Each structure stands twice: as C-alpha cells, then as structure tokens.
Novice: 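Before we start, here is the structure in question, set down as structure tokens.
Predicted, not measured: the structure shown is a model, and the values here were computed from it. In this chain, residues are counted from 1 in sequence order.
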Amino acid sequence: MIQGTMSNAGKSVIAAGLCRIFSDDGYKVAPFKSQNMALNSFITKDGLEMGRAQVMQAECARIEPMAIMNPILLKPTSDVGSQVIVNGRVIGNMKAMEYFRHKKDYVKDILDAYNRLSDMVDVIVVEGAGSPVEMNLKKDDIVNMGLAEMIDAPVLLVGDIDRGGVFPQLLGTLDLLEDDERRRVKGLIVNKFRGDIRLFDDGIRILEDKGKTRVAGVVPYIDVKLDDEDSLSDRFTKKEVKTFDIAVIRLPHISNFTDFDTFEQLEDVSVRYVYEPSELKDPDLIILPGTKNTIADLRSIKKNGLFDEVIGKAAEGICVFGICGGFQMLGRKIEDPYHVEEGGSIEGLELLPVDTVLENEKVRTRYEGKVNSVSGILSGLEGISVDGYEIHMGKTVPYDENGKTVPYGEMGNTVTYGEMEKNTPAEEPLEFTSGGTGFCSKNVYGTYIHGFFDKKEIASLVIEKIAKARGKDIVTDKISDYDEFKDREYDRLAKALRESLDMDYIYEVLNGNYRLIKGKGAE
C-alpha cells in the first residue's frame with residue numbers, strides 16, 4: 001500500500017509506476033483505492049463509473065479498468081456534499097456529515113471488491129488518500145491505515161520534498177501513528193527531489209535514524225505527462241501562451257479535464273486554464289469543459305464575466321468547443337425540474353440552438369462510432385473514428401428557427417448536427433438516454449463524448465483547421481493517439497522509478513507478506 005504525508009505527495013504516480021514495473025517483471029498486477037474523491041471519472045466497458053487515477057494505474061498495469069478497483073467514488077457537488085458512487089453505480093447525493101455517519105456501512109462493499117480483485121492477480125498496489133494521520137478522522141478510517149489493517153498490507157510512505165519540510169512530513173507522520181500502524185510502514189519514499197541526489201545522503205541517514213524506518217528510495221522530479229484526478233493539478237497553474245493557444249474555462253466544479261491532455265504532445269500548443277476574463281486574451285480555441293454542477297458553474301461564469309467574453313469571442317469567429325456540461329452551457333437554456341442539481345432553470349450562452357433538461361438517470365456508456373457530418377471551421381472531420389464515453393445527467397434537444405423540436409440531422413443548411421453513429425453491442429448492459437451526442441453551428445461545437453480529441457486524426461485536424469483559419473502554421477505530424485502517448489509516458493515513469501527505488505527491498509517487503517507465483521493469480 002502506498003500512503004502519503006498529504007494530498008498530492010505523489011501517491012498516485014508512485015503506485016502507477018510500481019504497477020508498470022510489476023507488470024514488466026511478469027506479474028499480474030492491479031491497482032486499488034477503496035475511497036476516492038475526484039471529479040475526473042471514467043466509464044468501464046460494462047457501463048460502470050470509477051476514478052480516473054485508478055484507470056491510469058490500470059493502464060500502467062496493462063489490465064482492463066474495472067469499477068472494483070475503486071469501490072467508493074465521491075464526486076463533490078458543492079463545498080459540503082458529494083454524489084456517492086459504490087462499485088460503479090450512483091446511490092445518491094449526501095452531505096459530508098451524512099456520508100461520514102454511514103461510511104463504515106460500505107466496508108463490506110470495499111472488501112468484496114478487494115477480494116474479487118485478489119482472485120484475479122498476483123499483486124495489488126493499493127493507494128491511500130490524503131494523510132493517514134488526520135486525527136479527527138482516524139476512528140472511522142476506511143482508506144489509509146484502517147484499510148491496511150483490514151487487508152494486512154505493508155505500507156510505503158511517500159513525502160514530497162519539492163514542497164519543502166519533508167522531514168516533518170515523514171517523521172511527524174510516523175510519530176503520530178499508533179505503534180501497530182507504525183510497524184506496518186516498511187519504507188519511506190522521498191519524492192520529487194530536484195538536483196544532485198548525493199546531496200541528500202545525510203538526509204537519508206537522518207530519516208532512517210530518527211524514523212527507525214528504511215528509506216526505500218529518493219525519487220527525482222519526473223517530468224511525465226499523466227492524467228490528473230483532481231483540483232490540485234499542476235496543469236491549472238500554467239499561464240504560458242504559445243503559438244497556438246487553447247483556453248479552457250476553469251469552472252468551479254470542473255470535471256474530466258483529461259479530455260484536453262492530448263494537446264500537450266505538441267510543443268507549439270499551450271493549454272491554459274482561465275479563471276478571469278482578463279486571462280482569456282486572444283486564444284485560438286476556447287473550450288468549455290465538463291462539470292459536476294452545470295447550473296452553478298454557468299451562474300459563476302456569468303457573475304465573473306467569462307460568460308460575456310466567450311459570447312464575444314464566438315462572435316469574432318473564435319472556435320468554441322463544449323464537452324458534456326460545457327456542451328449544455330452552449331445552448332439556449334438548462335432546466336432542472338427534478339432537482340438533480342439545484343432546481344429551476346437558467347439561460348445558456350445561446351451559441352447553439354439546443355435546450356437541455358437534467359434528468360434523474362445518469363447516462364453511463366462507452367462510445368464507439370465515427371463523426372458523421374461537421375460544418376464550419378472543423379469541416380473535414382467526417383468519417384473519423386471516435387472512441388470515448390458519455391457520463392452526464394440530462395438530455396439535449398435541438399430546435400429549429402421557429403422554436404420547434406426537430407430530429408437530429410434535420411436542421412437545414414445553416415446548422416448541421418455532427419452526429420456520431422452508435423456502434424454498441426446490444427447485449428452490453430448500457431444505461432443511456434436517447435437524443436444524440438453532439439451539435440455544431442458555424443464556429444461553435446458541442447459533444448457529450450469524453451475522449452473526443454484522443455485520436456491523432458481528430459486532434460491534428462482540429463489544430464490544423466483552426467490554425468489555417470487564423471493564419472498560423474502548426475506542424476502536427478508528431479502527435480500520436482493519446483493511448484500510445486500515455487503508454488510511452490508510463491514506460492518513462494517505470495524506468496525512472498526502477499532507477500531510484502530499491503526494488504530488491506520492495507520485493508523483500510512483498511515476499512514477506514505474500515507468496516507470489518508469476519501468472520498464477522492468488523494461488
């Protein structure tokens with residue numbers, strides 16, 4: 001089990017790298033995180049929802065992502081409440097206090113998921129959450145030392161030296177652990193070290209002398225591009241404007257912002273997250289991303305002025321693209337008659353002739369199809385394959401100039417629906433509403449498909465078409481399918497970890513607790 005001294009200490013990345021190392025060494029390996037709080041989620045092949053971090057780790061392990069790898073997913077809907085998802089299915093929205101009163105009720109679900117997973121693989125790399133010594137929460141812990149005790153897991157504790165204070169981080173955490181918890185910590189990992197690691201030789205000695213615990217490695221700051229899972233992402237602080245500039249509207253409840261990570265492959269392309277109107281500047285492409293609370297976030301950008309700025313940029317001919325909740329915002333209005341979010345209705349940006357009604361049933365489905373027709377700046381995407389997933393509350397319906405509902409694809413010459421043809425086996429237990437996956441009008445585009453840009457053909461054409469319209473020359477021949485790009489990054493991560501961690505010792509820790517037989521599951 002990988003635990004950390006704080007959020008963003010590097011638990012997810014260390015766990016991912018170990019998954020790839022164990023896989024490279026011939027073991028069947030899978031990730032596990034009992035409880036995850038994140039707005040970046042994913043839909044599995046069987047239509048279940050899980051946290052994106054465990055998807056990334058499963059990809060590192062070369063195993064199909066499964067909801068049992070993340071049995072409890074909390075998706076914040078406000079500062080004091082979250083949507084609660086258990087083994088891939090929504091069970092409802094809860095205030096924080098209500099969830100804490102009931103979270104021990106989910107121990108059976110957690111252990112059932114863990115045991116099912118353990119029957120499939122040789123090694124499970126478990127990730128903790130936050131810090132194991134949040135003293136006010138330890139009594140009911142189901143994700144750090146509480147879980148480690150349930151499954152009898154040895155622990156590696158990760159500290160972030162880049163933030164400073166790695167000694168109080170690691171030694172203070174050890175000091176606050178109970179004796180039996182401290183005995184469970186088999187090694188310390190100093191993460192994100194910059195400079196000559198030899199200069200930290202005395203630091204290793206101090207940690208081992210005072211912590212009475214072995215240092216299992218000092219990991220350098222590794223510049224690998226991996227999917228982030230939450231609002232602590234370093235991506236949100238990047239402000240550099242490059243030759244081709246993509247401005248992503250930073251919504252308060254932003255979700256699935258991994259949709260745009262593929263563009264980071266190109267040296268001349270910047271992906272900036274914009275908080276205020278003054279930060280928008282003169283982008284080549286504006287993206288409205290997904291959100292867990294569409295109405296509240298739409299109200300937020302109306303209040304801070306980004307709403308009017310986006311409308312103005314669209315009128316100037318700047319390409320605007322909305323995904324999921326961002327797609328809903330581009331329409332005329334959003335109605336919430338069932339109080340899925342906060343009830344009532346709100347006017348949208350009115351850049352697309354569509355209306356959205358939020359519904360109780362969540363759409364959860366994988367998507368395989370192709371772009372059928374596209375107008376405007378991005379014409380030329382027709383026929384390109386799309387492989388992604390839908391995850392949203394609501395149905396979006398187009399209207400003609402007289403305000404009447406019309407079928408998708410029958411909007412005449414001025415507005416063409418960029419429909420993608422469904423290609424999903426009927427026997428799969430998918431849950432979704434009908435009504436299409438996207439819409440386009442002139443230079444404004446919207447889709448419900450997460451992962452729309454992941455194919456190199458789409459990403460490169462989007463950049464090339466917009467760049468040409470803007471009088472820019474951007475070379476895109478180095479871009480890969482995002483899956484291929486990520487796999488190379490996983491290999492880079494594993495190589496760096498293998499060079500900096502004492503893998504012989506880590507295998508000793510494993511063999512002291514489990515009998516591993518390569519390729520034989522949990523035998």
Novice: I'd like to know if Lys333 and Glu335 make a salt bridge, using a cut-off of under 4.0 Å between side-chain N and carboxylate O.
Specialist: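 Here Lys333 pairs with Glu335 in a salt bridge, since their nearest N and O are under 4.0 Å apart.
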
Novice: Under 3.5 Å, is there a donor on one side chain and an acceptor on the other for Asn372 and Glu382?
Specialist: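 Short answer, no.
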
Novice: Using modelled atom types only, decide if a donor and an acceptor are shared between the side chain of Arg52 and the backbone of Ala38 within a distance under 3.5 Å.
Specialist: no

Novice: Would you name the heavy atoms of Thr44 and Ala67 that are closest together and state the gap between them?
Specialist: CG2-N, 4.0 Å

Novice: CG/Asp109 to CD/Gln35 distance, rounded to the nearest 0.5 angstrom?
Specialist: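 It comes to 12.5 Å.
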
Novice: If only atom types and distance count, is the side chain of Asn443 paired as donor or acceptor with the main-chain N or O of Ala314 below 3.5 Å?
Specialist: yes

Novice: Between Asp487 and Arg20, is a salt bridge (charged side-chain N to carboxylate O under 4.0 Å, His left out) present by the stated rule, with each step listed?
Specialist: CA-CA 10 Å; Asp487 204 58; Arg20 177 54 58 104; 2.9 Å; yes

Novice: Is atom CG of Asp473 surrounded by more than 12 heavy atoms (other residues, nucleotides or ligands) closer than 6.0 Å?
Specialist: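 Open.
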
Novice: Within the 4.5 Å heavy-atom criterion, are Asn360 and Val340 side-chain neighbours or not?
Specialist: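 The answer is yes; the side chains approach within 4.5 Å.
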
Novice: Will you find, in the side chains of Thr356 and Thr396, an N or O donor that is under 3.5 Å from an N or O acceptor?
Specialist: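 A pair is found: one side chain offers a donor N or O, the other an acceptor, under 3.5 Å apart.
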
Novice: Can you confirm whether more than 12 heavy atoms, excluding those of Glu267, are under 6.0 Å from its CD atom?
Specialist: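 12 or below, so no.
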
Novice: Can Lys75 and Ser41 be counted as having a side-chain donor-acceptor contact under 3.5 angstrom?
Specialist: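 Looking only at side-chain atoms, Ser41 and Lys75 do form a donor-acceptor pair, the distance falling under 3.5 Å.
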
Novice: State, without any angle test, whether Glu59 and Tyr490 hold a side-chain donor-acceptor pair at a distance under 3.5 Å.
Specialist: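 The criterion, which ignores hydrogens and geometry beyond distance, is satisfied for Tyr490 and Glu59.
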
Novice: Considering only NZ, NE, NH1 and NH2 on the basic side and carboxylate oxygens on the acidic side, decide whether Arg492 and Glu489 come within less than 4.0 Å.
Specialist: yes

Novice: Are there over 12 heavy-atom neighbours, none belonging to Lys242, within less than 6.0 Å of that residue's NZ?
Specialist: yes

Novice: Say whether Glu464 and Thr476, considering side chains only, have a donor N or O and an acceptor N or O under 3.5 Å apart.
Specialist: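 Their side chains do contain a donor-acceptor pair, which is all the 3.5 Å distance test asks for.
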
Novice: If you measure from the Lys or Arg side-chain nitrogens to the Asp or Glu carboxylate oxygens, is any gap between Asp245 and Arg470 under 4.0 Å?
Specialist: no

Novice: After noting the C-alpha distance and the side-chain angles of Arg62 and Asp24, does the key distance pass the salt bridge (charged side-chain N to carboxylate O under 4.0 Å, His left out) rule?
Specialist: CA-CA 9 Å; Arg62 301 185 176 94; Asp24 286 342; 2.9 Å; yes

Novice: Do side-chain atoms of Lys302 reach the backbone of Asp297 as a donor and acceptor pair under 3.5 angstrom?
Specialist: no

Novice: Taking the side chain as every heavy atom from C-beta outward, state whether Val90 and Gln83 have any pair of such atoms under 4.5 Å apart.
Specialist: yes

Novice: For the atom pair OG (Ser300) and CD1 (Ile295), what is the distance rounded to the nearest 0.5 Å?
Specialist: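 Result: 13.5 Å between the selected atoms.
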
Novice: When rounded to the nearest 0.5 angstrom, what distance separates OH in Tyr221 from CZ in Arg194?
Specialist: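 The OH atom of Tyr221 sits 5.0 Å away from the CZ atom of Arg194.
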
Novice: Report yes if the distance between the aromatic ring centroids of Phe321 and Phe452 is under 6.0 Å, otherwise no.
Specialist: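 Here the rings of Phe452 and Phe321 have centres that are less than 6.0 Å from each other.
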
Novice: Taking the basic N atoms (NZ, or NE/NH1/NH2) and the acidic carboxylate oxygens, is any pair closer than 4.0 Å for Lys362 and Glu49?
Specialist: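 Yes, charged N to carboxylate O under 4.0 Å.
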
Novice: If I take atom CZ from residue Phe485 and atom CD from residue Glu264, how far apart are they, to the nearest 0.5 angstrom?
Specialist: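 Phe485 CZ to Glu264 CD: 7.0 Å, rounded to 0.5 Å.
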
Novice: I'd like to know if the side chain of Ser131 and the backbone of Met6 have a donor-acceptor N/O pair within less than 3.5 Å.
Specialist: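 No: the side chain of Ser131 does not pair with the backbone of Met6.
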
Novice: Is the shortest side-chain N to carboxylate O distance from Arg272 to Glu279 below 4.0 Å?
Specialist: no

Novice: Is it true that the side chains of His339 and Glu341 contain a donor and an acceptor less than 3.5 Å apart?
Specialist: no

Novice: What distance separates Ile458 CD1 from Ile384 CD1, expressed to the nearest 0.5 Å?
Specialist: 5.5 Å

Novice: If only side-chain N and O atoms count, and only distance matters, is there a donor-acceptor pair under 3.5 Å linking Arg488 with Ser480?
Specialist: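 The answer is yes; a qualifying pair exists.
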
Novice: Report yes if the side chains of Ile318 and Leu285 come closer than 4.5 Å at any heavy-atom pair, otherwise no.
Specialist: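 Of all side-chain heavy-atom pairs linking Leu285 with Ile318, none is under 4.5 Å.
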
Novice: Let me confirm one number: the CG-NZ distance from Leu137 to Lys103, rounded to the nearest 0.5 Å.
Specialist: 6.0 Å

Novice: Tell me if a side-chain donor or acceptor on Asn293 pairs with a main-chain N or O of Ala296 at a distance below 3.5 Å.
Specialist: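 Flag set: sc Asn293 to bb Ala296 pair under 3.5 Å.
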
Novice: For the side chain of Glu309 and the backbone of Leu280, is there at least one donor-acceptor N/O pair under 3.5 Å apart?
Specialist: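 Checking the backbone N and O of Leu280 against the side chain of Glu309, no donor-acceptor pair under 3.5 Å is found.
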
Novice: Go through the steps to decide whether Tyr273 and Phe257 satisfy the test side chain to side chain contact (heavy atoms under 4.5 Å, CB included), and finish with yes or no.
Specialist: CA-CA 10 Å; Tyr273 288 82; Phe257 50 86; 3.6 Å; yes

Novice: Do Gln265 and Thr262 get their side chains close enough for a donor-acceptor pair, meaning under 3.5 Å?
Specialist: yes

Novice: Taking Lys33's backbone N and O only, do any of them form a donor-acceptor pair with Asn70's side chain (distance below 3.5 Å, no angle check)?
Specialist: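 Indeed, once roles are kept as given, a pair shorter than 3.5 Å links the two residues.
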
Novice: I would like to know whether Asp454 and Asp387 meet side chain to side chain contact (heavy atoms under 4.5 Å, CB included); could you show each step before the answer?
Specialist: CA-CA 8 Å; Asp454 285 0; Asp387 183 3; over 6 Å; no

Novice: Any donor-acceptor pair under 3.5 Å linking the side chain of Tyr445 with the backbone of Ser375?
Specialist: yes

Novice: Could you tell me whether Asp160 and Lys192 have a side-chain N and a carboxylate O separated by less than 4.0 Å?
Specialist: yes

Novice: Taking 4.0 angstrom as the limit, do Lys225 and Asp261 come out as a salt bridge?
Specialist: no

Novice: Looking at Ala9, is its backbone amide N or carbonyl O close enough to the side chain of Asn191 to form a donor-acceptor pair, meaning the two atoms are under 3.5 Å apart?
Specialist: yes

Novice: Does any N or O in the side chain of Asn256 come within less than 3.5 Å of the main-chain N or O of Pro289, such that one atom is a donor and the other an acceptor?
Specialist: no

Novice: Asp355 pairs by side-chain contact (heavy atoms from CB on, under 4.5 Å) with which of Gln328, Arg332, Lys395?
Specialist: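 For Asp355, the side-chain contact (heavy atoms from CB on, under 4.5 Å) test succeeds with only one of Gln328, Arg332, Lys395, which is Arg332.
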
Novice: So, do Val271 and Phe263 sit near enough that their side-chain heavy atoms are less than 4.5 Å apart?
Specialist: yes

Novice: Do the rings of Phe260 and Phe453 sit parallel, tilted or perpendicular, given the 30° and 60° boundaries?
Specialist: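 Ring orientation of Phe260 relative to Phe453: tilted.
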
Novice: Using 4.0 Å as the upper bound for N to carboxylate O, is an ion pair formed by Glu342 and Arg299?
Specialist: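 A salt bridge links Arg299 with Glu342.
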
Novice: Grab the two heavy atoms, one from Cys440 and one from Val374, that are nearest each other, plus how far apart they are.
Specialist: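 That closest heavy-atom pairing would be SG-CA, 4.1 Å.
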
Novice: Salt bridge or not between Asp284 and Lys313? Use side-chain N to carboxylate O under 4.0 Å.
Specialist: no

